[in-house]
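To start, the structure under review is shown below, and the notes come after it.
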Amino acid sequence: MPIDLNDFDEAPPPPKQGGLASRAMAATAPPYLSGLNPEQRDAVLTIDGPLLVLAGAGTGKTRVLTTRLAHVLSQRKAWPSQILAVTFTNKAAREMKERIGHLIGGAVEGMAWLGTFHAIGVRILRAHAELAGLKSGFSILDDDDQLRLLKQLLQAESIDEKRWPARHLANLIDGWKNRGLTPDKVPAGEAFSFANGLGGKLYADYQARLKTVNAADFGDLLLEPLRIFQEHPDVLKDYQQRFKYMLVDEYQDTNTAQYLWLKLLAQGHRNICCVGDDDQSIYGWRGAEVDNILRFEKDFPGAKIIRLERNYRSTPQILGAASGLIAKNEARLGKTLHTDKEAENPVIVRGHWDGEEEARQISDDIESLQRKKLPLNDIAILVRASFQMRAFEDRFIRAGIPYRVIGGPRFYERAEIRDALAYLKVVASPDNDLAFERIINTPKRGIGDGSVKKMFDGARARRTSLYASAEAMSLEPGLPAKARTSLRQLFDSFTRWRGQLDHIPHTELAEIVLDESGYTAMWQADKSPEAEGRLDNLKELIRSMGEFENLTGFLEHVALVMDRDQGNEEDRVNIMTMHSAKGLEFAQVFLPGWEEGLFPSQRSLDEKGRAGLEEERRLAYVGITRAKQNLTISFAQNRQVHGLWQSALPSRFIDELPEKHVDVAPMTTSYGGHGLGSFGSSRFDEGKAFGQGSYSTPGWQRAQANRAAGTAARHTPKFIEGELVASSAARSDYETGTRVFHQKFGYGTITHVEGNKLTVDFEKAGEKRVLDSFVERG
DNA sequence: TGATGCTGCGTTTTT
DNA sequence: CGCAGCATCA
């Protein structure tokens with residue numbers, strides 16, 4: 001298909017550069033280059049040889065990426081089918097496709113290799129399935145399936161699932177796959193660490209099991225193509241020659257398997273362009289290696305590096321705060337964002353008594369923004385951990401502020417959706433044991449665990465799938481009569497449905513399957529409050545199937561695309577984690593909960609030490625750089641975590657914000673109802689130095705040091721090796737009846753002691769449960 | 001096979 | 001504290 005550049009209709013972004021020279025160039029240069037700044041232009045035009053584009057937050061990365069592709073195509077350097085363009089998420093892939101479509105028109109359709117790592121992995125694996133011991137029609141397991149399969153293996157080895165949870169094994173295996181390790185390559189010590197030395201065997205068994213059920217898990221979608229490349233040079237060569245140009249988005253998020261994969265492929269034409277930002281690498285905990293981006297030049301000798309540092313998103317203060325913070329990291333390539341924007345409001349830092357008040361204050365702020373007619377959609381609250389969201393939801397419900405939570409439980413993960421999909425999977429491929437097992441007795445049809453176990457044994461003995469063996473066993477004695485009857489009925493239905501597969505629309509078939517199987521009826525009969533919602537979800541599922549040509553196409557989509565478009569049409573405040581905010585931007589951003597232990601998360605620190613701290617700091621950087629206009633960072637002195645009151649110090653990240661871009665709001669002191677004053681253990685209580693915005697004066701720092709040495713030290717450590725010191729093993733010297741004093745609640749009398757957890761009847765605040773380390777004898 | 005109580009646990013999340 | 005997952009019992 002010819003490339004039609006006349007279709008180009010995208011409005012240029014903020015130009016600013018519009019001098020004579022660039023206008024003169026625009027006259028001769030292709031139209032898509034106009035409006036790019038010099039670095040962006042360089043990144044677009046440098047198409048031969050390895051290139052790393054370090055694209056800071058808000059520097060027009062996507063635009064560069066898409067323009068670059070358009071450039072390669074319009075210069076006829078490659079056909080659309082010769083370009084490999086990989087992203088991490090479906091959303092990013094979709095967006096890229098759309099935007100390239102705007103630039104080059106219908107030619108995008110020829111870009112068969114634009115997609116997520118996993119989608120491209122499946123494509124390669126389907127083409128060479130037999131080299132991985134699979135058949136081309138293999139099914140893709142979601143992690144629920146994966147877990148069930150592992151549980152079976154653990155049971156087969158009679159391993160105590162309490163001591164060695166399947167979840168843990170799944171994580172280990174995923175980790176190995178992320179690192180490109182097949183069972184034979186896992187370091188002996190690591191493999192040995194699970195279940196007294198059985199870890200390696202279990203991984204090998206699991207892989208073997210996957211092959212027999214003709215299935216691949218998500219890790220395999222990367223690992224198996226990699227192994228094929230490594231073991232079959234002819235196949236590798238084929239792909240190396242095919243991909244004249246390679247483009248990788250979010251390179252800082254690649255794991256070792258993906259990295260190896262890219263490196264092998266790039267050895268063909270060596271035209272690999274990786275775009276990313278080392279400062280925004282926040283997925284180390286799921287296998288991403290920042291190191292991949294840090295050592296790009298070593299991996300690709302002669303590589304060119306272009307930095308995009310001009311930010312089109314945020315005010316100078318927001319950028320200044322972000323830059324000052326991230327500069328504390330050691331492991332980074334280094335890059336400083338700048339902007340031409342006029343100075344506006346400084347970043348606000350605000351302390352609160354407790355989490356409740358923090359939420360109230362933010363909701364008040366939002367109400368006043370609302371009065372100024374600011375769209376709620378432009379407002380976001382970004383938290384470190386999802387449990388923090390509840391305080392805001394509670395508050396917003398009371399205040400009547402509409403909100404949406406982004407990133408909650410996902411559509412395709414709901415039980416009813418999984419069940420429905422399992423039925424459809426069995427219709428499409430009866431040998432999908434995991435799907436069949438899921439629905440064999442859902443709705444209940446009198447086939448108990450015992451019968452299922454017998455059928456599994458039968459399948460193993462006959463070396464067939466569960467479906468086939470169950471079908472045979474339904475005709476023989478051995479199973480309870482009731483089970484046999486309903487099995488036969490079930491198989492009749494499946495045969496009938498399969499017969500209709502090619503004759504009626506797949507949406508209609510899905511309805512028939514759900515009705516005739518009794519699945520819909522099951523939920524209709526269910527009187528629990530959520531049953532109605534589940535039925536709605538099923539309707540929605542069938543509706544969304546209509547967007548696909550056939551059942552197979554739909555099932556493939558579902559396996560790879562677990563996300564779903566969020567209804568964004570209503571005007572609502574956005575609540576989400578900082579992780580899920582990556583890539584988004586909002587005019588008004590609130591970052592609550594900046595307290596030691598919570599953010600940076602104690603667990604990251606304990607598990608990963610300095611690297612963990614740096615990743616947390618990058619997360620803070622991501623959070624800050626989401627803001628366009630105004631940013632408010634806050635912390636609470638006291639927070640209820642797991643039902644216990646804990647006091648916390650302001651996050652070290654707050655101290656790291658450069659003073660000149662920050663305004664410190666006076667501490668809010670109106671603690672709801674109790675009227676307790678300040679107790680002087682924190683600099684923020686005094687509100688003096690802090691209130692004047694000079695919180696890093698020597699005096700202030702002394703106060704902080706004192707506090708750390710004094711009050712905080714008197715409180716025994718809240719955490720030891722990542723565990724909250726709140727176990728019953730810890731003994732308290734306090735006894736019932738003792739009068740105590742607590743920073744937040746004042747004076748009270750102990751009514752109950754349990755380990756180091758005290759129940760105290762406070763004179764003003766009523767009965768509360770607190771850790772003994774937060775009270776003193778009064 | 002369903003209901004109920006108990007224990008244990010408690011970042012971040014995509015594919 | 002609140003929830004999920006399991007074990008136990010009827």
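Convention: sequence-line order gives letters A, B, ...; per-chain numbering from 1. Since the model is a prediction, treat every value here as computed from it, not as a measurement.
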Quiz item: Is it true that A:D277 and A:K61 make a salt bridge, defined as a side-chain N closer than 4.0 Å to a carboxylate O?
Solution: no

Practice problem: Please report, rounded to the nearest Å, how far the P atom of C:dA4 is from the CD atom of A:E413. | Solution: 14 Å

Quiz prompt | Spacing of A:E250 atom CD relative to B:dT15 atom C1', expressed in whole Å | solution = 15 Å

Quiz item: For the pair made of CE in A:M576 and P in B:dT14, what is the distance, rounded to whole Å?
Solution: 12 Å

Quiz prompt | Listed nucleotide nearest any side-chain atom of A:H579, set B:dT1, C:dA7, B:dT13 | solution = B:dT13

Quiz item: Base, sugar-phosphate alone, or nothing: which one does A:D143 contact when heavy atoms must sit under 4.0 Å apart?
Solution: base

Practice problem: Round to the nearest Å and state the distance from A:Q646 atom CD to C:dC1 atom P. | Solution: 15 Å

Quiz item: So what does A:D217 touch, heavy atoms closer than 4.0 Å: a base, only the sugar-phosphate, or nothing?
Solution: nothing

Quiz item: Using a cut-off of 4.0 Å on non-hydrogen atoms, how would the nucleic acid contact of A:E616 be classed: base, sugar-phosphate, or nothing?
Solution: base

Exercise. Please confirm whether A:W285 and A:Y283 have ring centers closer than 6.0 angstrom.
Key: yes

Exercise. Check the distance between B:dT13's P and A:I406's CD1 and give it to me in whole angstrom.
Key: 12 Å

Exercise. Rounded to whole angstrom, note down the P distance from B:dT11 over to C:dA4.
Key: 14 Å

Quiz item: Does the side chain of A:T254 pick up a donor-acceptor pair with the side chain of A:N292 at under 3.5 Å?
Solution: yes

Practice problem: Check whether more than 12 heavy atoms from other residues, nucleotides or ligands sit under 6.0 Å from atom CD of A:Q489, and answer yes or no. | Solution: no

Quiz prompt | Nearest listed nucleotide, side chain of A:S601, among B:dT11, B:dT13, C:dC6 | solution = B:dT11

Exercise. Pick the P atom in B:dT12 and in C:dG5, then give their distance to the nearest Å.
Key: 15 Å

Quiz item: Whole Å only: how far is the NZ atom of A:K482 from the C1' atom of B:dT1?
Solution: 9 Å

Practice problem: For A:R414 and C:dA4, give me the distance from atom CZ to atom P, rounded to whole Å. | Solution: 13 Å

Quiz item: In whole angstroms, how far is the C1' atom of B:dT15 from the NE2 atom of A:H118?
Solution: 4 Å

